[in-house]
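Worksheet for the structure shown next.
As the structure is a prediction and not an experimental result, all values here were calculated from the model. In what follows, chains are A, B, ... by sequence order, proteins preceding strands, each numbered from 1.
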Number of protein chains: 2
Amino acid sequence: MSGSEDRPHSNYDLVIMSQQTTPQARSTLVGIGVGPGNPEFVTLAALRTLDAADLIFGPTSSAGQPGRAETIIRSLRPELVVTPILFEMSQGSLGIEQRRQSTLGAAEEVVAALKPGFTAAFLTLGDPNIFSTFNLLAEMVTTLAPNVSIASIPGIMAFQAVVATTGMTLLNESEHLSLLTGLEVTDRLDQELEDPSCAIVIYKGGRNLGAITRRIEAHGRSRGAVIGIGAGLPGGTVSELTELRETETAPYLSTIIIPPLRHG
Amino acid sequence: MSGSEDRPHSNYDLVIMSQQTTPQARSTLVGIGVGPGNPEFVTLAALRTLDAADLIFGPTSSAGQPGRAETIIRSLRPELVVTPILFEMSQGSLGIEQRRQSTLGAAEEVVAALKPGFTAAFLTLGDPNIFSTFNLLAEMVTTLAPNVSIASIPGIMAFQAVVATTGMTLLNESEHLSLLTGLEVTDRLDQELEDPSCAIVIYKGGRNLGAITRRIEAHGRSRGAVIGIGAGLPGGTVSELTELRETETAPYLSTIIIPPLRHG
């Protein structure tokens with residue numbers, strides 16, 4: 001772990017410094033969080049790292065089509081060359097082995113392209129360390145090539161953008177937040193709904209929207225609850241959850257937010 | 001709530017649009033998340049909103065000294081004029097009324113300065129809607145002046161920067177995150193520590209560091225746990241929590257992160 005009097009502030013600086021001072025040294029893979037969709041939510045660190053990178057990889061779920069993270073960066077930096085990497089996005093437990101295999105294929109591609117001293121950037125929607133494919137990719141890359149350094153640049157998460165759109169106060173100091181996926185609907189959700197001071201954010205719950213909405217209603221937590229679908233992307237929407245009461249499913253990239261129960 | 005085919009993507013665009021098309025209209029207060037400390041983690045939206053704002057307020061806890069959020073922005077935009085607003089930062093339950101009074105004073109200052117059609121930006125560390133003074137300020141401003149519109153721009157949170165520094169995988173899809181404050185040490189913390197698939201982030205727990213560390217150890221969750229103190233600020237550090245085992249208190253702006261228990 002590190003401490004310093006002044007700079008470097010973060011591993012972002014370490015990445016840049018290692019490029020400048022030891023050009024023959026280890027190569028580096030940097031996960032870049034590009035935010036949830038709106039190019040305005042990209043950070044300076046993300047842009048500067050991309051400008052300095054030797055290679056940029058962008059995940060896509062369909063060959064020949066740029067992925068969403070690449071589209072965000074393209075709108076800011078049309079001149080950058082992004083190499084697409086195909087990722088299997090099949091959902092559910094049946095998809096786990098397929099996703100693992102396609103991530104391994106992506107790791108092999110990254111390792112093959114990483115010449116000594118190169119820095120490769122890997123684009124991710126949201127934050128690269130939270131519910132992202134980057135961590136598994138990085139683990140596989142270091143298994144295949146232990147000399148590759150791993151770094152990451154945090155990104156704005158979809159729920160933050162949705163909260164900003166609605167104007168809600170997500171959390172006071174006396175409250176807490178639970179962030180979970182809705183890929184499976186478990187008892188954990190009921191426990192959180194029982195706790196009035198718990199704000200709940202559910203990612204990737206589109207497939208189970210109906211079941212989730214009914215549990216929220218059963219616990220009397222519908223008031224103020226919203227759903228962002230493709231938040232920040234063109235065509236993205238933010239709606240009150242009650243407006244979708246009769247809807248059983250929504251797209252994969254949906255974010256459900258349930259504010260704490262407040263009186264008054 | 002809103003949905004659209006293309007733009008606007010977020011309330012950021014709405015703010016800019018309202019300035020362009022209806023200069024005589026309502027005035028607006030925008031909470032700007034400037035991230036945890038490293039100026040590189042500022043977003044394009046934050047910078048562009050600040051460049052376009054008529055007024056910029058920056059909270060400070062000591063008169064005559066710029067606050068931390070102001071220092072971040074000053075390093076990127078030395079030419080911007082930031083008006084300091086004094087905030088009472090006394091901690092604990094005794095400080096609640098003092099903090100409320102000083103926030104009311106700040107709200108009165110903001111309202112007095114906001115001419116019709118003006119956009120005022122209010123700088124906040126991290127994200128303006130999560131454990132921030134912005135929401136209470138905004139509520140008081142709209143009570144005093146109901147015609148003021150409120151908007152916000154999300155910011156990178158301290159825990160994201162700390163996680164990126166350590167290279168840990170914070171969350172897989174089968175895990176969940178709990179974000180709470182350590183201003184009081186409650187049973188909630190024990191419940192989360194009992195759940196091996198729960199990643200835990202504790203903000204503002206510096207005053208209770210010793211008590212928190214002992215609970216983490218008692219539940220066998222010390223492995224991989226880290227503490228960021230003033231993360232991203234000059235002099236900021238990230239350490240393994242076990243290194244601070246004998247330490248009873250740490251500064252207010254500390255972030256404790258406990259990864260999920262993983263086997264293998």
Tell me, out of A/T181, A/L179, A/T186, who's got the most heavy-atom pairs with chain B below 4.5 Å. A/L179
Turns out that what part of A/E175 lies under 4.5 Å from chain B's heavy atoms comes down to backbone
Sequence neighbours excluded, the answer for side chain to side chain donor-acceptor pair (under 3.5 Å) partners of B/S75 is none
What one should report as the nearest heavy-atom pair of A/P154 and B/Q160 is CB-CB, 3.7 Å
A/S132 OG to B/L170 CG distance, which is reported to the nearest 0.5 Å: 11.5 Å
Got a second to check how far B/S174's OG is from A/L180's CG, nearest 0.5 Å? 12.0 Å
Identify the two heavy atoms, one from B/L44 and one from A/L44, that lie closest to each other, and give their separation to 0.1 Å. CD2-CD2, 4.0 Å
Rounded distance (nearest 0.5 Å) linking atom CD of B/E173 with atom OG1 of A/T133: 9.0 Å
Is it the backbone or the side chain of A/L76 that comes under 4.5 Å from a heavy atom of chain B, or both, or neither? side chain
What distance do B/F131 atom CZ and A/L177 atom CG have between them, rounded to the nearest 0.5 Å? 7.5 Å
Residue among A/V162, A/V201, A/L171, A/I229 with most heavy-atom pairs under 4.5 Å to chain B: A/L171
How many angstroms lie between CD1 in A/I130 and CG in B/N172, if you round to the nearest 0.5 Å? 11.5 Å
Value for CD (B/E40) from CD1 (A/I153), rounded to nearest 0.5 Å, stands at 8.5 Å
Selection from B/D127, B/L136, B/N129 maximising heavy-atom pairs under 4.5 Å formed with chain A: B/N129
Which heavy-atom pair separates A/D195 from B/R188 by the least distance, and what is that distance? OD2-NH1, 2.9 Å
